[in-house]
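Numbers here simply count residues along the sequence, with the first being 1. For ligands, and for the atoms within them, numbers begin at 1 and follow the listed sequence. Below, each value reflects all heavy atoms present in this structure, side chains not excepted, and no hydrogens, waters or symmetry copies.
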Amino acid sequence: MLIYVNQDSQQFHLTNGQVSYIFHVMKNGQLGHLYYGKALRHRTDFSHLQIYDVPTAASCHVYEDDPAFSLETLRQEYPAYGNSDFREPAIGVRKRNSSHIPDFKYKSFRVLEGKPRLDYLPATYAEDNQKASTLQIILKDKYLQAELTLNYSIFRDLPVITRSASVKNNGPLNLVIDRLMGASIDFPDKEFLFIHLAGAWSRERHVKERILESGTQSISSLRGASSHHLNPFLALKRPNTTEHSGEVYGFNFVYSSNFIMQVEVDHYDTARVMVGIHPFGFSWNLKTEESFQTPEVVMVYSDQGLNGMSQSFHTLYRDHLIPSRWKKEERPILINNWEATYFDFNEEKLVNIAESARELGIELFVLDDGWFGKRNNDTSSLGDWQVDENKLPNGLESLAKKISDMGMEFGLWFEPEMISPDSELFREHPDWAVGMSGQPYTLGRNQLVLDFSRPEIVDYIYQKMADIIRKTNLSYIKWDMNRNITEPFSQKLEPNRQGEFFHRYILGVYYLYGRLTKEFPNVMFESCAGGGGRFDPGMMYYAPQAWTSDDTDAIERLKIQYGTSFAYPIYSMGSHVAAVPNHQTMRTTPLSTRANTAYFGIFGYELDPLLLSEVERIEIKKQVAFYKQHRGLIRDGQFYRLLSPFSGNETAWMVVSQDRTEVLVGWYKVLATPNSLKHQTLRLTGLDESLVYKAEGGGRTYYGDELMQVGLPLPTEFNGVNSGNATRSGDFQSRVFYLNSINR
Ligand code: DGJ
């Protein structure tokens, strides 16, 4: 049993032995929050968890003159504003042309086995009903004649609870929703550090940390995408929590558009966490009988530090978020022609690249931007999804056939949501662009955005893409999105519905993804938005892998991949070996270090193999073979962060198989140290103490406890004099170690 209901005291307890989440119906009929954290044993009464301390009548506003009951101090489950709680609310809903203080009172509950999917929205799922249970609480606002449903699901084997909300209009008049959060939680104290992932194009998801303080601290996006800048991920960790121990609460929003994640610390030092669609500019009209469903919030509790939290996210997303078709599938090693050719290619050049890559063992050839319309640079042709016959006179079909005849899979780049002002499509349908006719448009990368809030436009793009998929027998699509949304208006929406635009837009994107993935289940989608500008769980529901960043520099990637791993599995991160000097940083790193970083993701190459030396080709063949041997471990293993690139010169991470018999360790040192320690070791974690492990290529064996307490010896670094026995030197050193157990 995962959900307990104390009927008499109207208390609800979700627990699976790892986590507990407890709330109840308060005396005013609203929901009060009681506890969220490490599992508590169930009991028939939890009322003592509600703290009724009302400070003094003079400093507090009390409910119906009951001095012991104040919404200002009580922890609530889904708060409203205007009835003595002065903090920001989870809900704002009213009748059109009027104002209202929402007053949703408890009506009933439902417990469901399993986890129902959300209409039109991505969300975590449980294919086996035994793996999750769902509690729905129904509340009613009499004046509005509206029903609010709060959905809570708990996964059987993971410390994970998901939440979402929906409002239904049961009355005769139109309602307007001004805000509707996916979840709100009132923590009893503020003793946390606020951790999030921030960045920009080419340096996405760097880990940031700050102390929670009085007032509101938030991360958000108003860009129409989850963004490069602030990822929809937030963790609250206790001050003494480390990577391996201590408490942390992680929140991730399954949504790819405007969001807010905020923590409001009030004058009593309590912390209200709220996650949802950003209320700025948002409003949604609800006619009679219509409902509005929020996206889902995933909440992970860990008492095993940040690694514990990340591992729960990783397992959840692998088993309960990505399309099940790809859960157990090994992803092909790809070569992408973007950094090899940019827009300058023809069929012969592409076929030569593919052939040369095939000889290296690479399995999938991806043709990136520039194959359609008259796209010789980034100023034209988006929307004109017909092959450019100047570059590919025999058509895409011929190229696809040549690739498949050589035994490789074929993949193609699209940017379905975009339209270039210089395109046939724009000349024919200028009103298809997002914006208001007659008003200036802002260009981003010389392009405009197609109005995906309009089903007929989404349908048009579907026809174009489906036609190409069928003709070329594609096995992979890279779905790019290279600008954010400005002038966020649709020429088809009524003026009083423009507040719906952003959400309708992303519903259009999800609809197209859903339709294509359903019709072509064998096409692997990789999401991309100028690199990692839409790396979020909403995308992952359709596209099991994402292009992590346009930055392919191995050293920059250490931070990007390390940060991304806070919430997302490494087997969702596209990570490629690129040429040097690197195109984003001009840095030159060893080929081995580029691969050693890229192995911890979905591996590929982003270079011209025809320009490689024979020595490099031999090395790459070995890299390809190495990744093929270990990609099952990368996919299924437990990932641990060991040394952070944000706090020192060295980075390390490792993957351990579920049975703990296989281990892959990555170690990286950015700058060389003169006169360094000769016997440096790296302490591992997550091993079986009693197993004996042997490193591939090395003679020595180690017990698991030795590797965890003493560490894995690193090769000797050049210290100025020891050139005889030093095996590493210079900047950008790295090593990957594969160990497996020899006594099991
Ligand atoms: C941005 C992507 O991240 C790149 O990999 C490449 O596909 C370009 N767009 C193409 O325009």
Side-chain angles (χ1 to χ4, degrees), residues 199-205 223 225-229 231 256 334-345 350 353 364-385 387-388 391 410-423 443-450 465 474 476-485 524-536 539 543 545-554 556-557 560-561 564 572-579 582-585 594 598 601-608:
W201 174 80
S202 215
R203 52 179 167 80
E204 295 90 340
R205 289 173 299 286
R223 294 170 172 270
S226 48
S227 89
H228 297 87
H229 312 83
N231 194 263
S256 315
L334 69 81
I335 183 146
N336 179 306
N337 74 309
W338 178 240
E339 290 194 4
T341 67
Y342 293 103
F343 295 102
D344 180 18
F345 56 80
L350 297 177
I353 288 176
L364 163 66
F365 172 77
V366 178
L367 171 54
D368 208 280
D369 195 355
W371 56 266
F372 51 91
K374 299 192 174 73
R375 190 147 165 102
N376 296 319
N377 53 47
D378 63 14
T379 61
S380 83
S381 304
L382 292 167
D384 296 345
W385 299 111
V387 73
D388 178 353
K391 289 181 187 166
F410 181 52
L412 200 56
W413 178 97
F414 284 92
E415 197 172 2
E417 300 155 67
M418 297 293 152
I419 181 166
S420 304
D422 180 8
S423 66
L443 293 178
R445 204 198 191 199
N446 307 304
Q447 65 201 48
L448 298 171
V449 182
L450 270 176
M465 292 178 76
L474 283 185
Y476 164 104
I477 286 179
K478 177 175 173 186
W479 178 321
D480 205 346
M481 193 252 188
N482 280 298
R483 62 158 292 177
N484 292 144
I485 298 178
M524 154 77 65
F525 281 79
E526 175 154 344
S527 76
C528 172
R534 214 161 54 178
F535 203 122
D536 60 60
M539 284 290 124
Q545 58 193 64
W547 183 222
T548 316
S549 176
D550 273 351
D551 198 331
T552 49
D553 177 83
E556 292 303 308
R557 276 299 187 115
I560 296 169
Q561 292 175 205
T564 304
S572 66
M573 301 181 205
S575 54
H576 300 169
V577 173
N582 177 268
H583 292 203
Q584 290 75 40
T585 59
R594 283 175 270 155
I602 298 171
F603 193 61
Y605 289 83
E606 190 102 3
L607 44 68
D608 186 346

Participant: Using the test side-chain contact (heavy atoms from CB on, under 4.5 Å), find all partners of D369 that sit at least two apart in sequence or belong to another chain.
Facilitator: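 D369 satisfies side-chain contact (heavy atoms from CB on, under 4.5 Å) with W338, F343, F372, R375, W413, R445 only.
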Participant: What pairs with Q545 under side chain to side chain donor-acceptor pair (under 3.5 Å), at least two apart in sequence or on another chain?
Facilitator: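 Side chain to side chain donor-acceptor pair (under 3.5 Å) list for Q545, sorted by chain: R331, E526.
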Participant: Knowing that exactly one of N337, T341, I353 qualifies, which makes a side chain to side chain contact (heavy atoms under 4.5 Å, CB included) with L367?
Facilitator: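 For L367, the side chain to side chain contact (heavy atoms under 4.5 Å, CB included) check succeeds only for N337.
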Participant: Run the side chain to side chain donor-acceptor pair (under 3.5 Å) test against D384 and tell me which residues pass, sequence neighbours left out.
Facilitator: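 Partners of D384 under the side chain to side chain donor-acceptor pair (under 3.5 Å) test: none.
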Participant: Can you check whether V449's main-chain N or O pairs, donor with acceptor, with E417's side chain at less than 3.5 Å?
Facilitator: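 No; zero donor-acceptor contacts below 3.5 Å.
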Participant: Any idea which residues sit under 4.0 Å from ligand 1, heavy-atom distances?
Facilitator: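 Heavy-atom contacts below 4.0 Å: W338, D368, D369, W413, R445, K478, D480, N482, C528, G530, G531, W547, D550.
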Participant: Is the W479 to W547 ring centre distance short of 6.0 Å?
Facilitator: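 For W479 and W547, the ring centres are not under 6.0 Å apart.
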